[in-house]
Structure formats: structure tokens, C-alpha cells
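Just below is one structure, and these are the notes that go with it.
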2 protein chains.
Amino acid sequence: MKSEREIFEAYLIKRHLRGTPQRGMILDTFLKREEHITAEQLYDIVKKRDPSIGQATVYRVLKLMVEAGLAREVDFGDGVMRYEHCYNHPHHDHLVCRGCGKTVEVLDSVIEELQKRVAESFGYELTDHEMYLYGLCQTCRKKKA
Amino acid sequence: MKSEREIFEAYLIKRHLRGTPQRGMILDTFLKREEHITAEQLYDIVKKRDPSIGQATVYRVLKLMVEAGLAREVDFGDGVMRYEHCYNHPHHDHLVCRGCGKTVEVLDSVIEELQKRVAESFGYELTDHEMYLYGLCQTCRKKKA
DNA sequence: GCCATCAATGATATTGATTATCAATTATAT
DNA sequence: ATATAATTGATAATCAATATCATTGATGGC
Ligand SMILES: [Zn+2]
Ligand SMILES: [Zn+2]
Ligand SMILES: [Zn+2]
Ligand SMILES: [Zn+2]
């Protein structure tokens with residue numbers, strides 16, 4: 001099993017791009033965090049390690065990571081794109097609390113299968129999908145009561 | 001069964017807001033179209049009937065229609081919000097072609113039920129959800145081959 | 001090493017959809 | 001009529017994301 005590092009470097013070589021200290025450091029920082037993270041949040045962390053890094057570079061490296069199959073964009077509909085690990089992180093959907101934002105990753109194989117069938121019943125070949133479940137977590141329900 | 005007009009006016013009264021020619025005209029124009037429409041597209045149509053209308057007003061009336069339960073926001077992930085009819089237009093999800101953008105409204109009652117169960121299994125009470133299925137329609141598949 | 005080529009960086013400017021601001025206008029209530 | 005409050009259109013501001021660009025740095029052939 002290849003490491004994420006190796007995959008990233010292989011992708012750079014394939015695209016005739018170069019490995020640089022900035023790219024390495026941003027990749028490392030992203031991999032260390034497990035949560036869904038915004039470009040801005042990642043930039044803030046990276047800046048502490050190396051204040052000379054520009055935020056344009058963070059945006060660029062995030063795009064590279066997505067292309068390399070290491071990161072995935074997640075859109076919770078609040079106007080900011082988030083990024084999560086993709087490699088060794090099989091497909092899943094998200095259940096988000098409308099009260100506090102607490103997020104759970106979920107996967108239901110029956111739903112996944114039905115999505116494919118629904119698409120086919122309209123003559124479409126399903127390539128991908130997004131599903132966001134919104135609700136109230138237990139804590140937030142108790143707070144309301 | 002109340003008309004959409006009546007619902008809109010009832011909502012305005014409830015909020016101590018006023019009916020105006022601009023609001024009436026923008027509402028009519030929105031109701032006449034059946035497709036998912038952007039604020040910009042709606043503004044373009046409205047402008048032809050009355051060039052003095054500002055686009056800020058279109059944004060404002062769209063927001064009112066959403067609040068009144070007459071319109072629903074739809075986000076296909078391309079950075080522009082679309083709006084669709086909500087009243088007498090029961091809940092549905094969307095199947096969008098990655099090739100040409102052709103969109104079909106879909107509803108699968110089993111999926112809807114499972115979504116509720118998944119949320120409950122994590123202690124969440126489901127309030128709403130978004131599901132976007134992306135694929136290739138028949139036409140676009142043939143074009144590729 | 002030297003030179004030519006091409007990628008990478010960081011600062012800055014720009015974009016584009018949406019919101020906020022504000023002065024002027026219009027409706028409503030007393 | 002007068003005070004109050006809502007509405008409008010124009011314009012400015014926001015904000016994430018992208019584009020631009022001059023500078024720096026790496027690479028490869030010689
Ligand atoms: Zn919560
Ligand atoms: Zn996730
Ligand atoms: Zn198509
Ligand atoms: Zn629809």
C-alpha cells in the first residue's frame with residue numbers, strides 16, 4: 001500500500017510538476033488533521049510553521065491534492081468549501097446538525113444502490129452523487145426542550 | 001386551495017410588509033416559468049417588462065418567496081443559486097447530467113425513508129436533506145462513443 | 001560552470017454572486 | 001396633515017476563489 005506522500009509525488013511526476021518544500025509542508029499539515037477543513041483554516045495552521053507561505057499556494061496545493069485523489073471537496077452549503085481525506089477514506093455522505101454543526105460521516109449501501117437504479121431508470125449512467133442529511137443532534141434537541 | 005398569489009400576500013401581511021407592483025410582477029414572472037432559474041436570469045426577464053427594476057429587488061423578492069414557502073433554493077454546485085417552485089411541487093431531488101446539464105426531478109420513497117433511519121441511528125432527528133445525483137444522460141453517452 | 005527554459009511562489013488585483021447601505025420615495029396609521 | 005415605517009434602485013461592500021505577474025528557483029543540455 002502506497003503512502004499518501006508517494007501518491008502525491010507520483011502525481012506530480014506524471015504532470016511534470018515539481019516537489020517543493022511548500023507543497024510537502026502543506027500536504028503534511030493537511031494529512032495530520034482528520035476533520036473537514038477549509039482552505040482558510042489550513043492556511044492559518046501552515047502560516048504558523050512558515051509565515052512566508054502565501055495563501056494562494058495553499059489553494060493551489062489543495063487543488064493538486066484533489067486531482068491526485070488525496071482530498072475531496074465537501075460543500076455544506078455555507079459558502080465555504082471544505083476538504084477531507086480521500087485516500088483510504090472510502091466514499092461516504094454527511095449528516096450535519098443544524099444546531100451546532102456537528103458532523104457524522106454516514107454510508108448506507110442500500111441507498112447507494114438505489115441511487116444507481118434511480119439514475120438508470122431515467123437513462124442516466126450515475127457517475128457520482130452528493131447527499132447531505134441535516135437534522136438536530138441529541139444535545140441540541142435537549143437544549144431546545 | 002389557495003393560489004400562490006394569495007399565499008404571498010398572506011405572508012406579506014403576516015410580516016407587516018406591503019404589496020407593491022414590483023413584488024407582484026417579479027412573483028408573476030417567476031411563477032410563469034417552470035424550470036429552475038437563477039436570480040440573474042429572472043432579472044433579465046423582469047427587466048424586459050420594466051427596465052426600471054433593480055436587481056437588488058429581484059434578490060429581495062426571491063428571498064421573500066422562499067420564506068413564504070413558494071420557492072426553494074437549489075444548489076447544483078456551480079456557484080450560482082437556482083430557484084424552483086415549491087408550492088404544489090412536493091419534495092424531490094435532482095439528477096443532473098455532467099455533460100449537458102439536463103436535469104430531471106426524482107423521488108424515491110425508499111431512499112427518503114432510509115435517510116430518516118440513518119439519521120436516527122446516530123441520534124439525529126432529520127429536518128431536511130439534499131441529494132444530487134450526477135451522471136451522463138443517454139444523448140451525452142452516445143456523443144462520447 | 002553557463003545559459004536557456006520552464007515551473008513555483010507570494011503579493012496583489014480581479015472576479016462574480018450575493019448583501020449591505022443609503023438617500024429618496026411611497027404607503028400607512030394616527 | 002403629520003409622523004412613522006417600509007420600499008426602491010443605485011451603489012458600495014463582502015468574501016471565497018481565481019487570475020496575473022514579476023521574481024525566484026530548479027532542471028537539463030552544453
Ligand atoms: Zn447539535
Ligand atoms: Zn466526510
Ligand atoms: Zn446530457
Ligand atoms: Zn427541482
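Protein chains get the first letters and strands the later ones, always in sequence-line order, with residue 1 at the start of each. Note that the structure is predicted; figures quoted are calculated from it, not measured.
For L70(B) against F8(B), the heavy-atom pair with the smallest separation is CD1-CB, 3.8 Å. The shortest non-hydrogen separation linking E105(B) to H36(B) is OE2-NE2, 3.0 Å. For the pair A68(A) and I7(A), the tightest heavy-atom approach, listed with the atom from each and the gap, is O-CG2, 3.8 Å.
Taking atom CG of residue L62(B) and atom P of nucleotide dT18(C), one finds them 9 Å apart after rounding to whole Å. Remark: P of dT7(D) and NZ of K63(B) are 14 Å apart, rounded to the nearest angstrom. Rounded to whole angstrom, the span from the CG atom of D78(A) across to the P atom of dT14(D) amounts to 20 Å. Here the P atom of nucleotide dA11(C) and the OH atom of Y43(A) are 7 Å apart, to the nearest Å. Taking atom CZ of R18(A) as the reference point, atom P of dT9(C) lies 10 Å away to the nearest angstrom. We find that CZ of R23(A) is positioned 19 Å from P of dT24(D), with the value rounded to whole Å. In this structure, CD of Q22(A) is placed 15 Å from P of dT24(D), rounded to the nearest angstrom. We find that CD of Q41(B) is positioned 11 Å from P of dA17(C), with the value rounded to whole Å.
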task: Start with the C-alpha distance between E112(A) and H92(A), add both sets of side-chain angles, then the distance that settles side chain to side chain donor-acceptor pair (under 3.5 Å), and finish with yes or no.
output: CA-CA 10 Å; E112(A) 300 280 320; H92(A) 56 264; over 6 Å; no
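Closest to the side chain of A56(A), from the set dA20(C), dA8(C), dA11(C), is dA11(C).
The residue R60(A) sits close to a base: some heavy atom pair falls under 4.0 Å. Note on T38(A): nothing from the nucleic acid sits closer than 4.0 angstrom, heavy atoms only. At a threshold of 4.0 angstrom between heavy atoms, the contacts of E40(A) with the nucleic acid are absent.
Taking the six-membered ring for Trp and thresholds of 30 and 60 degrees, F30(A) and H85(A) have ring planes inclined between 30 and 60 degrees apart.
Of the residues near DNA chain C, I53(A) and G79(B), the one whose nearest nucleotide (by heavy atom distance) lies more toward the 5' end is I53(A). Residue T57(B) is the one, among M81(A) and T57(B), whose nearest nucleotide of DNA chain D lies closer to the 5' end (criterion: closest heavy atom).
Residue T20(B) places at least one side-chain N or O under 4.0 Å from the OP1 or OP2 atom of dT8(D).
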